[in-house]
Amino acid sequence: MTHAVDIINARVPGYAQLQGIRIDLHGQISAIEPMDRFIKKIPPANLQIINLAADRISLGGVDLQINGALGLAFTELQPTDIDKLQNISEYLWQRGIDAYLPTLVTTSVENIQRSLGVIADYMQQQTTSLPTAQVLGVHLEGPFLNPQKRGAHPAEYLLPLTIPYIQQLLGEYARIVKVITLAPELDPTGEAITYLRSLGITVSLGHSLATATQAEQAFKLGATMVTHAFNAMPGLHHREPGLLGAALVHPHVKCGLIADGQHICPTIIQVLLRAGCYERGIFLVSDALAPLGLSDGVYPWDTRQIDVKNGTARLFDGTLAGTTLPLLVGVQNLVRWDLCDVDTAIALATTVPRQAIDLPTIQLGTPFHQLLRWQIKPDSQELTWKRLQ
């Protein structure tokens with residue numbers, strides 16, 4: 001940067017008062033202080049001032065569950081698709097996403113291994129200096145899922161949850177797998193979760209019929225997340241709380257939420273948010289499929305087809321397959337439906353996903369180009385955002 005920047009009168013997540021933020025000549029945050037102290041600082045020469053007038057500021061979103069975009073499913077990656085991955089990363093950046101985990105749904109071990117190889121090659125090439133969403137690693141959603149809760153995942157590729165099968169699946173790519181979704185009841189010994197945690201992989205429970213007891217045992221072994229709460233698992237029951245009930249009362253477990261209005265109706269989203277203590281236990285994911293960024297229509301999905309209407313994708317038997325809405329639409333929906341306050345809604349897509357995989361939030365050294373400015377129109381629930389640069 002050729003000049004320093006002072007951002008003043010900003011509402012910042014985790015700070016009670018209006019804050020001043022100084023951006024240094026390296027394009028990084030060098031100070032965050034309450035305005036009454038910030039205005040006493042001696043400004044550098046050639047200073048640019050951005051007055052947010054009490055608008056909110058945040059980092060961009062982090063999407064921990066996204067299956068593809070711009071017509072490309074991550075399970076179908078080929079070695080020649082590096083440029084397509086770059087296009088997706090640029091597209092997600094334009095949609096307010098700083099980073100994401102390409103999610104590989106259940107398919108053959110060969111397909112998963114091929115996709116892991118392509119993503120590993122891409123991660124070696126990507127640079128943090130470009131305005132593009134960063135691939136942080138991979139989320140494996142399967143193939144260790146309960147057949148009775150597999151949803152749209154093909155039954156023929158589901159595998160037993162054992163260490164040998166995990167080793168076969170990961171191959172040489174364990175280092176880039178950040179999250180794996182599994183059904184804990186498939187391994188009564190608990191050895192699989194212990195092994196995955198020893199590799200530094202975050203374990204998320206999902207596509208499961210686990211009882212509360214089985215879920216609690218998985219949490220004791222180190223599982224810390226739940227994949228798309230309420231979907232592909234039993235609902236809450238007053239005598240059998242199940243996996244979801246056990247997760248919502250656990251202080252160290254966070255549940256992913258798809259806030260498109262189709263996977264969970266707004267009333268139950270509100271129940272989930274309250275039960276999970278909002279940003280303590282809930283974070284937003286998109287669960288977006290390959291047609292993200294494309295118009296509604298019929299698209300291929302592995303060997304089948306999905307019908308996309310108004311941003312919702314279903315198999316032709318009616319099974320819900322996913323959405324084609326970007327992550328920050330979920331933030332806007334929560335505010336529009338009046339399910340939580342604006343600061344909480346923003347945090348669920350920006351701060352909490354980072355916490356779920358141990359990434360830093362806004363701090364000294366944060367790049368200026370990652371900052372979003374959020375505005376809500378007076379007398380309405382319309383929330384908008386834009387990058388500060």
Side-chain angles (χ1 to χ4, degrees), residues 13-14 58-66 97-101 103 136-141 177-184 193 196-197 200-208 210 212 214-236 241-260 263-264 268-288 327-328 330-331 333-334 339-341 343-362:
S58 79
L59 294 174
V62 172
D63 199 344
L64 301 184
Q65 186 179 2
I66 175 171
I97 304 304
D98 284 351
Y100 65 107
L101 297 183
T103 300
L136 300 173
V138 173
H139 179 168
L140 292 178
E141 188 183 353
V177 175
K178 294 297 183 184
V179 177
I180 186 166
T181 294
L182 56 80
I193 292 177
L196 288 165
R197 292 300 301 128
I201 297 173
T202 296
V203 175
S204 186
L205 308 186
H207 289 273
S208 169
Q214 290 169 324
E216 288 163 0
Q217 178 63 22
F219 298 146
K220 288 179 181 178
L221 293 171
T224 55
M225 285 172 47
V226 169
T227 296
H228 46 48
F230 274 109
N231 295 111
M233 65 188 65
L236 293 172
L243 161 60
L244 184 56
L248 289 172
V249 298
H250 196 288
H252 305 300
V253 174
K254 298 185 186 302
C255 301
L257 163 64
I258 307 169
D260 63 346
H263 283 76
I264 313 176
I268 297 300
I269 289 178
Q270 190 169 32
V271 171
L272 182 67
L273 290 171
R274 291 183 178 184
C277 298
Y278 299 91
E279 65 268 35
R280 194 208 75 182
I282 308 295
F283 63 92
L284 292 178
V285 296
S286 71
D287 198 26
L327 179 68
L328 298 190
V331 177
N333 284 342
L334 294 181
L339 301 186
C340 63
D341 62 71
D343 293 313
T344 297
I346 294 170
L348 294 181
T350 61
T351 301
V352 189
R354 285 177 165 86
Q355 295 170 340
I357 57 171
D358 298 322
L359 291 179
T361 55
I362 286 182

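In this text, all values refer to a predicted model and were calculated from it rather than measured experimentally.
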K.L.:
Using the rule given for side-chain contact (heavy atoms from CB on, under 4.5 Å), can you reason through I282 versus L248, listing the C-alpha separation, both sets of side-chain angles and the distance that settles it, and then say yes or no?
P.N.:
CA-CA 9 Å; I282 308 295; L248 289 172; 4.2 Å; yes

K.L.:
Does the side-chain contact (heavy atoms from CB on, under 4.5 Å) test come out yes or no for M233 and V226, once each step is laid out?
P.N.:
CA-CA 10 Å; M233 65 188 65; V226 169; 3.7 Å; yes

K.L.:
According to side chain to side chain donor-acceptor pair (under 3.5 Å), does anything in residues 221-234 pair up with another residue at least two apart or in another chain? List the pairs.
P.N.:
E141-H228, T181-T227, S204-T227, H207-H228

K.L.:
If you compare all heavy atoms of A218 against all heavy atoms of I193, which two are closest, and at what distance to 0.1 Å?
P.N.:
CB-CD1, 3.6 Å

K.L.:
Determine whether L273 and L348 make a side-chain contact, defined as any pair of heavy atoms from C-beta on separated by less than 4.5 Å.
P.N.:
yes

K.L.:
Rounded to the nearest 0.5 Å, what separates atom CZ in R274 from atom CG in L339?
P.N.:
9.0 Å

K.L.:
How many angstroms lie between atom CG of L64 and atom CG of D287, to the nearest 0.5 angstrom?
P.N.:
12.0 Å

K.L.:
List the atom of A349, the atom of L327, and the distance in Å for their closest heavy-atom pair.
P.N.:
O-CD2, 3.8 Å

K.L.:
Going by heavy atoms in the side chains, are E216 and H250 under 4.5 Å from each other?
P.N.:
no

K.L.:
Is there a side-chain contact between K178 and V138, using heavy atoms and a 4.5 Å cut-off?
P.N.:
no

K.L.:
Would a 4.5 Å heavy-atom cut-off, applied to side chains only, mark L182 and L140 as touching?
P.N.:
no

K.L.:
What residues form a side chain to side chain donor-acceptor pair (under 3.5 Å) with S208, not counting sequence neighbours?
P.N.:
E185

K.L.:
Is there a side-chain contact between T351 and E279 (heavy atoms, below 4.5 Å)?
P.N.:
no

K.L.:
Could you tell me if the side chain of M225 sits less than 4.5 Å from the side chain of T202, heavy atoms only?
P.N.:
yes

K.L.:
Atom CD1 in I264, atom CD1 in I269: separation rounded to 0.5 Å?
P.N.:
5.5 Å

K.L.:
Which distance, rounded to the nearest 0.5 Å, do you find between the CG of L59 and the CD1 of I362?
P.N.:
4.5 Å

K.L.:
Can you give me the closest heavy-atom contact between L284 and G330, atom names plus distance?
P.N.:
CD1-C, 3.8 Å

K.L.:
side-chain contact (heavy atoms from CB on, under 4.5 Å) for L334 and T344? Distances and angles first, verdict last.
P.N.:
CA-CA 9 Å; L334 294 181; T344 297; over 6 Å; no

K.L.:
Just so I know, are the side chains of L221 and R197 near enough to count as touching, which here means a heavy-atom distance under 4.5 Å?
P.N.:
no

K.L.:
To check you understand the geometry: which heavy-atom pair defines the closest contact between D343 and D341, and what is its length?
P.N.:
N-OD1, 3.1 Å

K.L.:
What distance separates F219 CZ from L205 CG, expressed to the nearest 0.5 Å?
P.N.:
5.0 Å

K.L.:
Would you mind reporting whether L257 and F283 have side-chain heavy atoms less than 4.5 Å apart?
P.N.:
no

K.L.:
Please give me the minimum heavy-atom distance between P13 and S58, naming the atom from each residue.
P.N.:
CG-CB, 4.3 Å

K.L.:
Residues two or more places apart in sequence or in another chain: which of them pass side chain to side chain donor-acceptor pair (under 3.5 Å) with H263?
P.N.:
D260

K.L.:
Between D98 and V62 (side chain of the first, backbone of the second, donor and acceptor by atom type, cut-off under 3.5 Å), is there such a pair?
P.N.:
no

K.L.:
Does CZ belonging to R280 count more than 12 external heavy atoms closer than 6.0 Å?
P.N.:
yes

K.L.:
I268 vs F230, test: side-chain contact (heavy atoms from CB on, under 4.5 Å). Steps then yes/no.
P.N.:
CA-CA 9 Å; I268 297 300; F230 274 109; 3.5 Å; yes

K.L.:
So, for S286 and I258, which heavy atoms are closest and what is the spacing to 0.1 Å?
P.N.:
O-CG2, 3.9 Å

K.L.:
Backbone N or O of I346 within a donor-acceptor pair of the T350 side chain at under 3.5 Å?
P.N.:
yes

